[in-house]
Amino acid sequence: MDAATHERARVIVVGGGVGGLASALALGRAGHTVTLLERDPLPSVDDAASAFETSRRGAPQAHQTHGFLARVALVLRDRFPDVFDDLIAAGCVTMPGTANLGDPQPGDEDLRVLIVRRTTFEWVLRRAALRAPEVEVRGDADVRGLVVDGTVGDGVPLVRGVVLEDGTTMEADVVVASTGRRGAVPAWLGAHGIDVPETVRESGLMYLTRWYHLPPDSGVELDPKLGGDLGFIKYLAVPGDGDTLSVTLAIRPEDSELRSRLSRPEGFDLACSLIPGPDRFFANGPLEPIGDVRPMGGLLNRLRRFVDDDGRPTVAGFHAVGDAHTCTNPLYGRGCALALVEAVELADAMAAHPGDPVGRSSAYEAACAAAIEPWYHASVEMDAAGADPHDGGDKVTDNVQARIFNAAQTDPVLGRALARYAHMLVTPAELATDAGFLQRSAEVAADPQTYPMPPRIGPTKAELVESLDAPVA
């Protein structure tokens with residue numbers, strides 16, 4: 001961009017998670033002056049293990065299981081290659097997402113997932129932000145509201161800064177909210193008469209997660225993401241950096257019978273040893289735990305609108321990224337990828353519309369509608385198709401979609417198409433027009449016996465509860 005037209009904006013980013021840090025980096029490297037405000041203390045730590053031990057009140061999800069999709073690796077490779085290198089240096093590794101799919105094919109190099117803990121990921125991002133001369137990072141800085149001063153364009157309210165908890169006002173040309181799914185964005189804007197419509201769909205799940213150290217000589221072959229469904233419970237086991245492993249068990253929030261038993265460390269570990277999948281890690285005895293069982297509830301899909309029905313911005317000088325803009329069920333692992341995509345889309349919108357807050361808002365929200373919103377709808381549809389567990393555990397879903405997913409485990413065409421979809425390398429609309437995928441799907445649907453559904457192996461709910469209640473020998 002020509003120097004004469006380049007906008008050097010004063011930017012305040014509220015929230016020091018993945019979305020906030022990525023936004024600060026993207027905007028700072030674009031030449032803007034960025035102040036990142038995080039309400040939690042940000043103690044200095046020197047390694048990934050210390051970063052994991054540090055808790056942040058505002059980000060309880062940081063210690064939950066996280067799968068970092070191939071889209072995350074691509075954004076880092078293209079926009080933040082030094083951060084990618086720093087992650088590798090910190091112990092992150094990549095694993096292919098095309099196992100069991102035959103000979104390598106062009107594009108497989110993009111289907112590699114990052115094996116890293118969320119705490120390590122944030123620690124590396126924060127170190128990069130702290131090194132950036134254009135970015136200032138402040139901890140213990142709690143924002144309680146926004147400064148709205150006048151209008152621009154056709155009467156669009158203009159945000160000109162933030163108000164801190166102590167009453168201090170900080171001026172800015174742009175305010176970016178990366179305050180997570182529990183943040184106060186609607187209240188902040190509502191105080192100034194700006195409505196933020198929301199569409200919410202509950203996921204019907206709550207999580208229980210525990211972390212472990214994996215023995216270096218365990219001999220267990222790791223999968224990038226080992227997941228499954230017994231109907232009444234879902235499980236997800238994901239390796240992390242530093243020879244760590246997290247296991248998450250997902251149940252219905254109202255299932256107090258399982259929740260009480262799985263919340264006990266000994267009950268959680270026993271369940272992991274009985275459920276096919278996680279049991280492979282416990283075959284040689286107990287693993288060394290890292291902390292207790294960590295619950296997380298309130299999981300939802302939520303879409304917020306910052307434009308009216310005609311696509312005109314309802315606020316200028318203010319943007320939301322990450323879960324403050326769009327939430328999807330964490331079961332699908334899309335949250336960090338969506339936050340990174342929004343961070344770079346915002347930086348691009350600012351570059352394309354220097355000094356034009358209305359144009360910038362229009363461009364950013366249009367980009368979100370194209371690149372982010374489809375994943376909200378996909379999550380809602382996937383939840384409706386079976387993410388909400390039901391009582392039972394001895395039934396096997398047997399429909400065309402399930403058979404296609406089953407066939408994709410070994411079919412190169414279906415497997416690669418669905419892997420690219422799962423890792424957000426193609427949109428739902430692009431998958432729906434993939435000729436090769438559609439042809440193979442039709443072939444599976446026409447001859448379902450070629451790919452019979454495997455039996456669901458594992459305890460029923462009654463059997464699991466009975467085992468968890470059995471006296472210890």
Side-chain angles (χ1 to χ4, degrees), residues 52 60-67 95 113 115-119 205-253 255-297 299 330-333 387 389-394 454-473:
F52 185 85
Q61 73 276 16
H63 286 88
Q64 293 291 323
T65 295
H66 277 74
M95 293 182 68
V113 300
I115 303 302
V116 64
R117 287 171 288 185
R118 163 72 179 264
T119 53
L205 295 170
M206 72 156 293
Y207 289 173
L208 295 153
T209 295
R210 199 174 197 198
W211 284 84
Y212 304 91
H213 285 296
L214 275 176
D217 57 351
S218 65
V220 178
E221 183 177 351
L222 295 179
D223 291 335
K225 184 174 71 172
L226 176 66
D229 180 8
L230 294 181
F232 64 93
I233 189 170
K234 295 179 180 291
Y235 64 84
L236 188 65
V238 176
D241 57 288
D243 292 323
T244 60
L245 170 81
S246 67
V247 179
T248 290
L249 303 179
I251 60 175
R252 293 177 66 99
D255 191 344
S256 58
E257 187 177 28
L258 272 181
R259 180 173 183 171
S260 63
R261 290 164 173 81
L262 297 176
S263 295
R264 300 193 302 265
E266 63 275 11
F268 188 94
D269 292 357
L270 179 57
C272 288
S273 71
L274 297 172
I275 296 174
D279 65 341
R280 70 174 66 176
F281 302 107
F282 295 80
N284 296 322
L287 296 178
E288 179 188 351
I290 311 173
D292 290 329
V293 180
R294 305 171 189 267
M296 184 174 176
L299 307 177
L331 184 70
Y332 311 122
H390 52 80
D391 287 339
D394 54 357
R456 177 173 283 159
I457 300 173
T460 64
K461 179 179 176 181
E463 291 169 343
L464 182 60
V465 169
E466 181 180 3
S467 297
L468 296 179
D469 285 345
V472 179

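All residue numbers refer to positions in the sequence shown, counting from 1.
- Taking 4.5 Å as the limit, some side-chain heavy atom of Leu287 sits within range of a side-chain heavy atom of Phe281.
- Annotation: side chain of Phe52 is in contact with side chain of His63 (closest heavy-atom distance under 4.5 Å).
- One N or O on the side chain of Tyr207 and one on the backbone of Leu331 form a donor-acceptor pair closer than 3.5 Å.
- The backbone N or O of Ser260 lies less than 3.5 Å from no partner atom in the side chain of Ser263, so there is not a single donor-acceptor pair.
- With hydrogens and angles ignored, the 3.5 Å screen pairs a side-chain donor or acceptor of Asp241 with a backbone N or O of Arg117.
- To the nearest 0.5 Å, atom CG of residue Leu208 and atom OG1 of residue Thr248 are 8.5 Å apart.
- Shown here are the side chain to side chain donor-acceptor pair (under 3.5 Å) partners of Arg261, two or more places apart in sequence or in another chain: Asp469.
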May I have the list of side-chain donor-acceptor pairs in residues 265-272 shorter than 3.5 Å, sequence neighbours left out?
unit_1	atom_1	unit_2	atom_2	d
Asp269	OD1	Arg210	NH1	3.0
Asp269	OD1	Tyr212	OH	2.5
Asp269	OD2	Arg210	NH1	2.8

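- A search for side chain to side chain contact (heavy atoms under 4.5 Å, CB included) contacts involving Pro286 returns nothing, not counting sequence neighbours.
- Counting heavy-atom neighbours within 6.0 Å of Arg259 CZ, excluding the residue itself, gives a total of 12 or less.
- Taken from CG in Leu249 to OG1 in Thr65, the straight-line distance is 9.0 Å, to the nearest 0.5 Å.
- Side-chain atoms of Thr209 and Val293, non-hydrogen and from C-beta on, never get closer than 4.5 Å to each other.
- Proximity of Pro239 to Thr244: side-chain heavy atoms (C-beta onward) are nowhere separated by under 4.5 Å.
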